[in-house]
Amino acid sequence: MITGNTKLLGVIGHPVEHSLSPAMHNGAIAHLGIDYVYLPLPVKPEDLEVALNGFAAIGLKGFNVTIPHKQAILPLLTEVSQIAQAVGAVNTVWRTEDLLWAGTNTDVEGFIAPLKTYKRDWSQKIAVILGNGGAARAAVAGCAQLGCAEIHITGRNQLKLQQFSNSWNNSPISVNLHVHSWEKLPELIAHADLLVNTTPIGMYPQVEQSPLSAGEIAQLPVGAIAYDLIYTPSPTQFLQQAQKQGAVTIDGLEMLVQQGAAALKIWLQQPVPVEIMRQALHQQLGTVLR
Ligand code: NAP
């Protein structure tokens, strides 16, 4: 129930109407019985600064940030965490005690969370990442945080790959990163302990597509982890191929849940009901795909 004291949270984006975050966060808020509400907040790129001032004026407690504001918001914040600086993007903002805006990136924590449930000595492991866009940055930072021995990233555009590589040179976190063109994949996959798809290939409605050919996926060692950041469909074609190959598989839903849980914890400063958030997402995805 909305009262005169209801505190405001939300997500800014453009567009924002397809966001699953309101369902996930309001599910948690209802379960906790606290006087908060989480709103979709459509903000055009040119209105970002004025929106931030407006949020300060009305006392918004915090908000998530999605496309196209994840990079653009950095210079408007007073504090940016090291991990957000390394990724070059912010997805969670909160109001500090001094009434300033601070930001971090919980996608990295979200990415790592399901991997941590597998007890592996990451210092001996090789990660291979498909794609070099925004989500790949969180995956690289996550693999670095896990302590992976080597991180290999592949892409189809040589210039973008080089820029991606250069962007980690003065990073606040240490990354043992190697970049390769897509053609190198069969060789890389043969040595992969963790294979991550950060491309949108295979995402609904293109559910029959996979980023890898049968020949490429056949190189994946038995027992390796195949991780697809896509959450619809689940499993993707890529994960089905990997499972047949004897890999352990992880889909993108848990990353989505855990980045949300990490954000809510920052805003509320208390434990949050992760299972309720997971269920709310499942339910919302079921509705969207019906
Ligand atoms: P993005 O910034 O647009 O990056 C996409 C990457 O995939 C780019 O490197 C792009 O290469 C590459 N790519 C696209 N089509 C390709 C193709 N046909 N062949 C080879 N490479 C191709 O997108 P993003 O924000 O990183 O998101 C990527 C995926 O991750 C989406 O499916 C998104 O839903 C998912 N995601 C999931 C979560 C989660 O919480 N589970 C969070 C973030 C993102 P070019 O640059 O050459 O085009």
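Whatever order the structure lists ligands and atoms in, that order sets their numbers, starting from 1. The structure presented is a predicted model; accordingly, all values stated were derived computationally and were not measured.
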- Query: In this structure, are over 12 heavy atoms from other groups packed under 6.0 Å from H178 atom NE2?
  - Reply: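 Yes, enclosed.
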- Query: Going by distance alone, is a donor N or O of one side chain under 3.5 Å from an acceptor N or O of the other, for S21 and N64?
  - Reply: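 Judged by distance alone, the side chains do not pair up.
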- Report yes or no: do D35 and N5 form a side-chain donor-acceptor pair below 3.5 Å?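 There is no such pair between these side chains.
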Which atoms from ligand 1 have a heavy atom of [X] less than 4.0 Å away?
{"X": "G252", "result": "39 (C), 41 (N)"}
{"X": "M203", "result": "32 (O), 34 (O)"}
{"X": "Y231", "result": "41 (N)"}
{"X": "G134", "result": "2 (O), 26 (O)"}
{"X": "L256", "result": "40 (O)"}

- Task: List the closest protein heavy-atom neighbour of atom 14 (C) of ligand 1: residue, atom name, distance to the nearest 0.1 Å.
- Result: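 Going atom by atom, the protein heavy atom closest to atom 14 (C) of ligand 1 ends up being P200 CD, 3.5 Å.
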- Query: Who's the nearest protein heavy-atom neighbour of atom 20 (C) of ligand 1, and how far?
  - Reply: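 Residue, atom and distance for the closest contact: R156 CD, 3.6 Å.
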- Are W94 and L264 in one and the same hydrophobic cluster, where Ile, Leu, Val, Met, Phe, Trp and Tyr link if side-chain heavy atoms are under 4.5 Å apart?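 Yes: a chain of side-chain contacts under 4.5 Å links W94 to L264.
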If the plane angle is over 60° it's perpendicular, under 30° parallel, otherwise tilted; pick one for [X] and [Y].
{"X": "W168", "Y": "F164", "value": "tilted"}
{"X": "Y227", "Y": "F111", "value": "parallel"}
{"X": "W101", "Y": "F55", "value": "perpendicular"}

Going by heavy-atom distance to [atom], choose the closest among [options].
{"atom": "atom 19 (N) of ligand 1", "options": "L20, I201, T199", "value": "I201"}
{"atom": "atom 29 (C) of ligand 1", "options": "L229, T232, T198, D228", "value": "T198"}
{"atom": "atom 4 (O) of ligand 1", "options": "A89, G133, G110", "value": "G133"}
{"atom": "atom 40 (O) of ligand 1", "options": "Q259, E254, M255", "value": "M255"}

- Query: Is atom 33 (C) of ligand 1 less than 4.0 angstrom from at least one protein heavy atom?
  - Reply: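 No.
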- Query: With a 4.0 Å cut-off, strictly under, does atom 23 (O) of ligand 1 pick up any protein heavy atom?
  - Reply: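 So far as the 4.0 Å threshold goes, atom 23 (O) of ligand 1 is out of reach of every protein heavy atom.
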Return yes or no for this condition: an N or O of [X] is under 3.5 Å from an N or O of ligand 1.
{"X": "G131", "value": "no"}
{"X": "I67", "value": "no"}
{"X": "A135", "value": "yes"}
{"X": "I230", "value": "no"}
{"X": "N132", "value": "yes"}

- Item | Q162 vs N166, side chain to side chain donor-acceptor pair (under 3.5 Å): CA-CA, chis, key distance, verdict | CA-CA 6 Å; Q162 201 47 55; N166 294 346; 3.2 Å; yes
- Report the residue from Q240, E216, Q237, Q241 that forms a side chain to side chain donor-acceptor pair (under 3.5 Å) with S210.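 Result: among Q240, E216, Q237, Q241, Q241 is the only option passing the side chain to side chain donor-acceptor pair (under 3.5 Å) with S210.
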- Query: Distance-only, no hydrogens or angles: does the D251 side chain make a donor-acceptor pair with backbone N or O of P235 under 3.5 Å?
  - Reply: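 Such a contact is absent between D251 side chain and P235 backbone.
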- Item | With V90, the side-chain contact (heavy atoms from CB on, under 4.5 Å) member among N105, T104, L76, L74 |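 When N105, T104, L76, L74 are each tested with V90, the side-chain contact (heavy atoms from CB on, under 4.5 Å) holds only for L74.
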- Query: Are K160 and ligand 1 in contact, using a heavy-atom cut-off of under 4.0 Å?
  - Reply: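 K160 counts as a contact of ligand 1 under the 4.0 Å cut-off.
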- Message: Quick one, L212 and L220 - any side-chain contact, counting heavy atoms below 4.5 Å?
- Response: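 No; the side chains remain at least 4.5 Å from each other.
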